[in-house]
Number of protein chains: 2
Amino acid sequence: MIEHNNISQPIYLKLKEMILNGELKQGEKIVQEKIAESLGVSRTPLMKALLALENEYLVESIPRRGMYVKALNKKEIVDIYICREALEGMAARLLALSKDDKIIKQLEDCFTSFLNKEKINIKAYSKADEKFHSLLIKLTGNSPLDKIYFFGKIHDKVIGHGLVRPPEETLQEHFKIIKAIASGNANEAENLARLHIKKSRELLFNQ
Amino acid sequence: MIEHNNISQPIYLKLKEMILNGELKQGEKIVQEKIAESLGVSRTPLMKALLALENEYLVESIPRRGMYVKALNKKEIVDIYICREALEGMAARLLALSKDDKIIKQLEDCFTSFLNKEKINIKAYSKADEKFHSLLIKLTGNSPLDKIYFFGKIHDKVIGHGLVRPPEETLQEHFKIIKAIASGNANEAENLARLHIKKSRELLFNQ
DNA sequence: AAAATGTATTTTGTATACAAAATACAAAAA
DNA sequence: TTTTTGTATTTTGTATACAAAATACATTTT
């Protein structure tokens, strides 16, 4: 039966999930007919989804050869962190300038449940971390910024558990960033947000 | 006759050109069959090109309605400039840290022909300006950064002639940025690159 | 005349068909 | 055995076909 309501979107989401959870492995070739059949769709909407994923650095196309799950080398990971540094730094600056209590609240809410905890659940914290960083971007209301920030989920895949540094170390930093935003100190907010990413990058790089 | 060597790429380039030079107007609907026929191709490779353009903020898709040439409002233009501020600032920083004479040479070459000129040709300077800013990004060798920097050409379209401020004002600034990069002063390079964009943004905003 | 309804046309979204390029693999040659 | 060559198979890139949604437009109703 033929559907006409955006099959591409679910395919896109499904493939993204499969890539991020490792069901499709790095470097693996995506044979269109095979994947299309396994998902019960034709190659046309599948191709749309793949092109979207290519633009998110999750899939790589080699013309006349096929689509491959993007395999990130160390340099690319570092380069992605450098981009995040620039973008999240700017986001923190913008939020500090906006002075909106609701924004502070939402950012704090990511982490309040982890305060004064003896042991922090890594899985839960990792999710909160991802939420926080993506919120930082979204709350700016700058849609071009949001459009080019698609790296958030990538490191999840790169680093097994999704965290480069332990929660004990980063929880503090997150609240410092929020505090700087709340105080309206744009320079401080930007610097702290950048330092936060930079520390992780340097740790990854010197591994 | 059926071709099998990336028709999408030329279509993409052609459409991009048509959008940037105004042949396709902002907000105009792109009726696939019409464009496909006028380009002598089918809808399949056209769709690939359109999806690529969508990811570059040049085309907007409204599901089940069609693809439209993206019309940028003032907020979006400002938001794009904010992104450029973050990205080009970071690029200038990276180049300053890299300390490579060839890089300095290439950046300088963009503008040397305009030095000590009585009258500067706007068209030529506008092209040089675009070259400079895209080089700034490319020379970092950071491919994710290059991938997310696709705004360079957009303001060309937004601002008629492609320049927000007169060459007399910006020529100086460009050389100051290059000088800071050459001296290896990363903070200075980043600040100047950001200020350069910010000034144009503020001018646009207060129009 | 304006609004509502129904029908015809257009256009999108998806599936399928098919040619050419890429790949796999077996047979022949070195 | 290793390399080369030729053939069969697979897979991509493009074109086309077709159903459903969207749009246009004329007719009817108020």
Side-chain angles (χ1 to χ4, degrees), chain A residues 1-19 23-71 147, chain B residues 1-19 22-71 147 150:
Chain A
M1 215 250 284
I2 300 174
E3 287 278 344
H4 284 87
N5 274 335
N6 233 15
I7 295 199
S8 298
Q9 182 71 3
I11 297 175
Y12 160 83
L13 291 172
K14 176 67 181 164
L15 287 177
K16 189 166 187 172
E17 193 195 319
M18 288 171 76
I19 291 172
E23 208 171 326
L24 288 170
K25 294 188 206 339
Q26 302 217 16
E28 186 174 335
K29 180 169 183 184
I30 297 171
V31 179
Q32 294 171 27
E33 198 66 55
K34 290 238 176 74
I35 298 282
E37 198 192 312
S38 80
L39 297 177
V41 297
S42 77
R43 280 170 57 211
T44 313
L46 172 65
M47 183 50 93
K48 280 193 192 180
L50 287 172
L51 288 171
L53 291 167
E54 190 190 1
N55 280 293
E56 291 188 23
Y57 233 71
L58 287 170
V59 158
E60 189 173 23
S61 161
I62 302 177
R64 201 74 260 213
R65 286 292 186 78
M67 305 285 253
Y68 296 81
V69 178
K70 183 110 182 70
K147 195 170 182 74
Chain B
M1 218 247 285
I2 299 173
E3 288 278 344
H4 283 84
N5 275 334
N6 232 14
I7 295 199
S8 298
Q9 182 70 3
I11 297 175
Y12 160 83
L13 291 172
K14 176 66 181 166
L15 286 177
K16 189 167 187 171
E17 193 195 318
M18 287 171 76
I19 291 172
E23 208 169 327
L24 288 170
K25 295 191 205 337
Q26 300 217 20
E28 185 174 338
K29 179 168 184 186
I30 297 170
V31 180
Q32 293 171 27
E33 198 67 53
K34 290 238 176 75
I35 298 283
E37 198 191 311
S38 80
L39 297 177
V41 297
S42 77
R43 279 170 59 210
T44 313
L46 172 65
M47 183 49 94
K48 282 193 191 179
L50 287 173
L51 289 170
L53 291 167
E54 190 190 2
N55 279 295
E56 291 188 22
Y57 232 70
L58 287 170
V59 158
E60 190 174 22
S61 161
I62 302 176
R64 201 73 259 210
R65 286 293 185 78
M67 306 284 255
Y68 296 81
V69 178
K70 183 108 182 69
K147 199 173 179 66
F150 43 72

Rounded to whole Å, CD1 of A:Ile11 lies from C1' of C:dA15 at a distance of 12 Å

On DNA chain D, more 5' by nearest nucleotide between B:Ser42 and A:Gln32 is A:Gln32

Given the options B:Glu23, B:Glu56, B:Glu54, B:Lys16 meets salt bridge (charged side-chain N to carboxylate O under 4.0 Å, His left out) only with B:Glu56

Ranking C:dT14, D:dT12, C:dT23 by distance to the side chain of A:Pro45, first place goes to C:dT14

Separation of D:dT11 atom C1' from A:Glu37 atom CD, nearest Å, is 14 Å

From CG of A:Leu46 across to C1' of D:dT14 the rounded distance in Å is 16 Å

Of B:Asn6, B:Ile11, B:Ile7, the one forming a side-chain contact (heavy atoms from CB on, under 4.5 Å) with B:Gln9 is B:Asn6

A:Gln9 CD to C:dG13 C1', in whole Å, measures 14 Å

Between CD of A:Glu33 and P of C:dA21 the distance, given in whole Å, is 20 Å

One should read off an interatomic distance between B:Lys147 NZ and A:Asn55 CG, to the nearest 0.5 angstrom, of 5.5 Å

Against the side chain of A:Thr44, the closest entry in C:dG13, C:dT23, C:dA15 is C:dA15

Review point. Looking only at side-chain N and O atoms, does A:Arg43 come under 4.0 Å of OP1 or OP2 in D:dT11?
Key: no

Check your understanding: Just wondering, more than 12 heavy atoms not from B:Glu28 lying within 6.0 Å of its CD?
Key -> yes

message: One pair to check against side-chain contact (heavy atoms from CB on, under 4.5 Å): A:Leu50 and A:Ile35. What are the steps and the verdict?
response: CA-CA 11 Å; A:Leu50 287 172; A:Ile35 298 282; over 6 Å; no

**Report entry** B:Lys34 side chain near C:dT11 phosphate (N/O to OP1/OP2, under 4.0 Å)
**Finding:** yes

Rounded to whole Å, NZ of B:Lys48 lies from C1' of D:dT14 at a distance of 8 Å

note: A:Met47, atom CE; D:dT12, atom P; distance rounded to Å ~ 8 Å

Here the distance between atom P of C:dT10 and atom CE of B:Met67, to the nearest Å, is 22 Å

Considering only heavy side-chain atoms of B:Val31, the closest of D:dA15, C:dT11, C:dT16 is C:dT11

Closest to the side chain of B:Lys29, out of C:dT11, D:dT12, C:dG13, is C:dT11

Please tell me if B:Ser8 has a side-chain N or O lying less than 4.0 Å from either OP1 or OP2 of D:dG13.
no

Side-chain atoms of B:Arg64 come closest, of D:dA20, C:dA15, D:dT12, to D:dA20

